[in-house]
Asker: 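The following block contains the structure, expressed as structure tokens.
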Amino acid sequence: MKNDLLEHYGGAVPRYTSYPTAPHFHDGVNAGTYTDWLGGLDQGTTLSLYLHVPFCQHMCWYCGCHTKITARYDPIQRYARSLVGEIELVAAALGARRRVSHIHWGGGTPTTLAAADFTTLMARLGTHFDTLADSEIAIEVDPRTLDPEMVSALAKSGVNRVSLGIQDFDPGVQRAINRIQPLAETETRVGWLRDAGITNISFDLMYGLPAQTVHSVRGTVDLAVGMQPNRLSVFGYAHVPWMKSHQRMIDTAALGDANARMDQAAAIAERLEEHGYQQIGLDHFARADDDLSLSLKAGTLRRNFQGYTTDFAPTLIGLGASAIGNLPAGYAQNDPAIGRYEAEISAGRLATVRGIATTDEDRLRRQIIESLMCSLQADLAAIGAEHKWAGQRFGPERLRLQDMAAHGIVELNDGHILITEAGRPFVRAVAAVFDTYIQSGAGTHSRAV
Ligand SMILES: C[S@@+](CC[C@H](N)C(=O)[O-])C[C@H]1O[C@@H](n2cnc3c(N)ncnc32)[C@H](O)[C@@H]1O
Ligand code: SF4
């Protein structure tokens with residue numbers, strides 16, 4: 001049965017951190033479009049900010065993130081100045097001070113910024129935006145390169161959530177991915193963060209990496225849980241060497257097949273549940289008292305480019321090379337090339353190079369996809385009514401869902417779709433039923449499992 005499901009639904013599908021997804025963005029959306037969209041936002045709207053820092057000190061061979069390895073600081077300092085410039089340009093296009101409920105620093109490794117530059121950037125955000133008192137201010141951290149000065153800068157700037165890259169604690173796996181990260185080092189960094197008052201700690205783990213086994217991933221879970229993180233993200237390794245050439249360093253003979261990946265994912269989920277963590281959607285786990293668990297229960301869980309989130313802001317502003325903004329009118333992405341991004345900003349222009357204006361139908365389908373990805377269910381009639389949708393009744397989609405129901409991965413009840421526990425690994429495939437763009441074939445995605 002497992003092989004049958006993998007064969008039917010284990011193919012390449014997007015992760016649906018947006019809809020329409022990034023391969024469908026086009027250059028018809030440019031800096032002019034984005035400036036108009038920013039200027040057209042409601043005065044009272046609350047914003048969420050994402051800042052991308054595309055630098056790391058060492059290359060992990062599995063890495064799928066938008067980053068660049070640099071041993072010198074001057075490129076990072078130049079980039080930090082461009083971020084300041086972009087903050088000024090965006091603030092000018094917005095035309096008025098706005099409230100901010102979430103700030104997320106991602107990468108790459110944002111803590112490659114010098115503590116002083118990070119502090120300056122946070123202060124500059126404070127000059128242009130009113131950060132709400134209970135805002136979440138989160139940052140992605142590589143424990144191997146975190147130092148006490150940065151920990152202190154994070155705490156003083158109000159950072160209240162940190163996610164640490166771990167992946168796997170097995171020394172053999174660490175060698176196979178070029179990421180040597182002793183347990184004691186990570187334990188020390190977690191201690192520093194907690195001592196500084198940053199107590200919301202998330203870990204990133206991975207499965208499907210070379211040399212991983214069910215036994216090794218269970219061992220990693222036990223060691224990770226020993227540090228009592230509030231949340232964990234568990235990502236299946238996306239092997240896309242045609243997009244990320246350094247992944248060719250990975251020994252493909254040491255990679256498990258789809259069955260092995262599914263077994264590893266199941267072993268991690270089972271072990272985390274034994275340790276009291278609740279599975280959230282596709283790839284997150286949280287303690288029962290964590291905001292993610294509470295928002296899943298309250299039906300307010302959302303999905304954005306960072307994965308699952310409690311972020312309720314209707315508008316996300318992306319800052320930095322490759323960053324994507326999500327506005328009511330559509331998505332806008334900055335130039336991923338660091339040099340071109342910096343050149344545009346220093347010339348006083350926003351660096352938008354592509355995006356997509358969203359239609360009413362896109363927004364309807366996005367809500368269905370987000371509901372499936374977050375709560376593993378969707379009520380087509382209720383969502384349709386919310387969007388005053390008078391269009392088609394999802395005939396072709398219903399046919400494909402019936403096939404999925406016959407395989408036991410969904411249960412259908414008069415327009416209500418419920419993804420079963422057996423179907424959880426295939427949630428992306430169920431969401432893809434509602435993706436009208438995927439039919440066009442643009443974009444190459446990693447496998448669903
Ligand atoms: C920006 S990194 C986290 C912060 C920091 N750079 C680090 O690695 O410690 C985001 C996370 O994406 C995940 N990741 C990176 N490459 C991936 C890939 N090819 N497939 C799946 N997940 C990946 C890893 O779990 C990684 O921790
Ligand atoms: S996984 Fe993190 S530290 Fe490693 S190269 Fe990617 S972004 Fe950098």
Side-chain angles (χ1 to χ4, degrees), residues 12-15 17 50-71 76 104-113 138-147 150 154 159 161-169 173-174 176-182 185-186 189-190 193 201-210 212 217 220-221 224 229 231-250 252 255-256 261 264-265 268 282-285 304-309 320-323 336 338 428 444-449:
V13 265
R15 299 178 52 76
T17 52
Y50 172 77
L51 295 99
H52 192 77
V53 182
F55 298 102
C56 294
Q57 287 175 8
H58 314 277
M59 180 54 84
C60 310
W61 288 337
Y62 59 81
C63 183
C65 306
H66 177 57
T67 193
K68 192 177 158 77
I69 305 305
T70 173
I76 306 179
H104 188 105
W105 287 84
T109 303
T111 46
T112 50
L113 285 168
I139 189 163
E140 295 169 14
V141 166
D142 179 349
R144 298 170 301 164
T145 54
L146 184 67
D147 62 33
M150 191 63 181
L154 299 179
V159 168
R161 179 172 290 283
V162 162
S163 66
L164 298 138
I166 288 183
Q167 329 315 344
D168 194 293
F169 279 124
V173 175
Q174 292 191 355
I177 58 174
N178 197 36
R179 184 178 174 119
I180 306 301
Q181 184 175 340
E185 182 185 69
T186 306
R189 288 0 176 213
V190 170
L193 290 162
I201 306 279
S202 307
F203 288 165
D204 295 342
L205 303 183
M206 287 176 70
Y207 63 88
L209 289 170
Q212 279 184 317
V217 296
T220 289
V221 168
R231 289 182 195 170
L232 299 102
S233 304
V234 181
F235 301 120
Y237 169 44
H239 187 59
V240 286
W242 57 92
M243 286 163 72
K244 299 283 172 187
S245 54
H246 54 262
Q247 290 187 349
R248 298 205 182 104
M249 298 297 289
I250 298 267
T252 44
L255 290 176
R261 287 168 66 94
Q264 289 167 18
I268 295 175
L282 177 65
D283 49 20
H284 280 40
F285 293 81
N304 68 11
F305 298 106
Q306 283 72 60
Y308 292 98
T309 175
S322 80
I338 298 168
R428 293 160 63 183
T444 30
H445 308 285
S446 58
R447 294 182 55 83
V449 178

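It should be emphasised that the depicted structure is a prediction, and the values quoted were computed from it without experimental measurement. Indexing begins at 1, ligand by ligand and atom by atom, following the structure's order.
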Asker: Applying side chain to side chain contact (heavy atoms under 4.5 Å, CB included) to C56 and T67, what does each step give before you reach the verdict?
Answerer: CA-CA 7 Å; C56 294; T67 193; 3.2 Å; yes
Asker: Show me which atoms of ligand 2 lie under 4.0 Å from any heavy atom of D142.
Answerer: 3 (S)
Asker: Measure across P110 and E140 and return the closest heavy-atom pair with its distance rounded to 0.1 Å.
Answerer: CD-O, 3.1 Å
Asker: Below 30° counts as parallel, above 60° as perpendicular, anything between as tilted: where do the rings of H284 and F235 land?
Answerer: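 Ring orientation, 0 to 90° scale: perpendicular.
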Asker: When you measure from atom 4 (C) of ligand 1 to each heavy atom in G108, P54, C63, G106, which option holds the nearest one?
Answerer: G108
Asker: Nearest non-hydrogen atom to atom 7 (C) of ligand 1 belongs to which of Q181, E140, R179, R144?
Answerer: R179
Asker: Decide whether the shortest distance between a heavy atom of R144 and an atom of ligand 2 is less than 4.0 Å.
Answerer: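 It does, in that a heavy atom of R144 comes within the 4.0 Å cut-off of ligand 2.
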Asker: Which of the numbered atoms in ligand 2 are under 4.0 angstrom from any heavy atom belonging to G108?
Answerer: 7 (S)
Asker: Given salt bridge (Lys or Arg N to Asp or Glu O under 4.0 Å), test D204 with R231 step by step and report yes or no.
Answerer: CA-CA 9 Å; D204 295 342; R231 289 182 195 170; over 6 Å; no
Asker: Do me a favour and list the nearest non-hydrogen protein atom to atom 21 (C) of ligand 1 with residue, atom name and distance?
Answerer: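 Closest protein heavy atom to atom 21 (C) of ligand 1: G236 O, 3.3 Å.
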Asker: Flag C63 as yes if one of its N/O/S atoms falls below 2.8 Å of atom 6 (Fe) of ligand 2, otherwise no.
Answerer: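 Yes, since at least one N, O or S atom of C63 sits under 2.8 Å from atom 6 (Fe) of ligand 2.
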Asker: Examine ligand 2 and decide if any of its atoms is less than 4.0 Å from a heavy atom belonging to G165.
Answerer: no
Asker: State, with a plain yes or no, whether a side-chain heavy atom of Y207 is found less than 4.5 Å away from one of D168.
Answerer: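 The answer is no, as the side chains (C-beta and beyond) never meet within the 4.5 Å cut-off.
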Asker: What is the nearest protein non-hydrogen atom to atom 2 (Fe) of ligand 2, stated with its residue, atom name and distance?
Answerer: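 Nearest protein contact, heavy atoms only, for atom 2 (Fe) of ligand 2 is R179 NH1, 4.0 Å.
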Asker: Touching ligand 1 at all, V141? Heavy atoms, strictly under 4.0 Å?
Answerer: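 Yes; V141 lies near enough to ligand 1 that a heavy-atom distance drops under 4.0 Å.
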Asker: I'd like to know whether ligand 2 has Q57 as a neighbour, heavy-atom separation below 4.0 Å.
Answerer: no
Asker: What residue and heavy atom of the protein are closest to atom 4 (Fe) of ligand 2, and at what distance?
Answerer: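 Protein heavy atom with the smallest distance to atom 4 (Fe) of ligand 2: C60 SG, 2.3 Å.
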Asker: Is there a donor-acceptor pair under 3.5 Å between the side chain of K244 and the backbone N or O of C65?
Answerer: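 Confirmed, K244 side chain pairs with C65 backbone.
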Asker: Going by heavy atoms, is H58 under 4.0 Å from ligand 2?
Answerer: yes
Asker: Looking only at protein heavy atoms, which one is nearest to atom 1 (S) of ligand 2, and what is the separation?
Answerer: Y62 OH, 3.2 Å
Asker: Using a 3.5 Å distance criterion without hydrogens, assess whether the side chain of Y308 forms a donor-acceptor pair with backbone atoms of L282.
Answerer: yes
Asker: Would you please test V190 and F203 for side chain to side chain contact (heavy atoms under 4.5 Å, CB included) and show each step?
Answerer: CA-CA 10 Å; V190 170; F203 288 165; 4.0 Å; yes
Asker: Among all protein heavy atoms, pick out the one at the shortest distance from atom 20 (N) of ligand 1; state its residue, atom name and that distance to 0.1 Å.
Answerer: A238 N, 2.9 Å
Asker: Applying a 4.0 Å heavy-atom criterion (strictly less than), which segment of T109 is in contact with ligand 2: side chain, backbone, both, or neither?
Answerer: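 The answer is the side chain of T109.
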Asker: Would you call R15-D283 a salt bridge at under 4.0 Å N-O?
Answerer: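 Looking at D283 together with R15, the answer is yes, because their closest N to O distance falls below 4.0 Å.
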Asker: When you measure from the heavy atoms of Q247 to every atom of ligand 1, does any distance fall below 4.0 Å?
Answerer: yes
Asker: Quick one: look up the protein heavy atom nearest atom 14 (N) of ligand 1 and list residue, atom name and how far away it is.
Answerer: M206 SD, 4.0 Å
Asker: Hey, are Y237 and Q167 close enough side-chain-wise for a donor-acceptor pair under 3.5 Å?
Answerer: no
Asker: Between T252 and H239, does the side chain to side chain contact (heavy atoms under 4.5 Å, CB included) criterion hold? Intermediate values first, please.
Answerer: CA-CA 9 Å; T252 44; H239 187 59; 3.5 Å; yes
Asker: Among all protein heavy atoms, pick out the one at the shortest distance from atom 12 (O) of ligand 1; state its residue, atom name and that distance to 0.1 Å.
Answerer: C65 SG, 4.0 Å
Asker: Between C56 and ligand 2, find which residue part has any heavy-atom pair under 4.0 Å and reply side chain, backbone, both or neither.
Answerer: side chain
Asker: State whether the side chain of R428 and the backbone N or O of V13 hold a donor-acceptor pair below 3.5 Å, judged by distance alone.
Answerer: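 Yes: the side chain of R428 pairs with the backbone of V13.
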Asker: Under a 4.0 angstrom heavy-atom cut-off, which atoms of ligand 1 come close to G107?
Answerer: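 In order of numbering, the contacting atoms are 1 (C).
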Asker: Considering non-hydrogen atoms of the protein only, which is the closest contact for atom 5 (C) of ligand 1, and what is the distance?
Answerer: T109 OG1, 3.7 Å
Asker: Which protein heavy atom lies closest to atom 13 (C) of ligand 1, and at what distance to 0.1 Å?
Answerer: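 Its nearest protein heavy-atom neighbour is F235 CD1, 3.7 Å.
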Asker: Among all protein non-hydrogen atoms, which one is nearest to atom 25 (O) of ligand 1, and what is the separation to 0.1 Å?
Answerer: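 Nearest neighbour among protein heavy atoms for atom 25 (O) of ligand 1, to 0.1 Å: Q167 OE1, 2.7 Å.
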Asker: Tell me the protein heavy atom at minimum distance from atom 10 (C) of ligand 1, and give that distance in Å.
Answerer: D204 OD2, 3.8 Å
Asker: With a 3.5 Å distance limit and no angle check, can you tell me whether Q212 reaches the backbone of L255 through a side-chain donor-acceptor pair?
Answerer: no
Asker: Would you say T109 and F55 make side-chain contact, with heavy atoms under 4.5 Å?
Answerer: no
Asker: With the side chain counted from C-beta on, respond yes when L113 and I76 share a heavy-atom pair under 4.5 Å apart, and no when they do not.
Answerer: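 Yes - at least one pair of side-chain heavy atoms lies under 4.5 Å apart.
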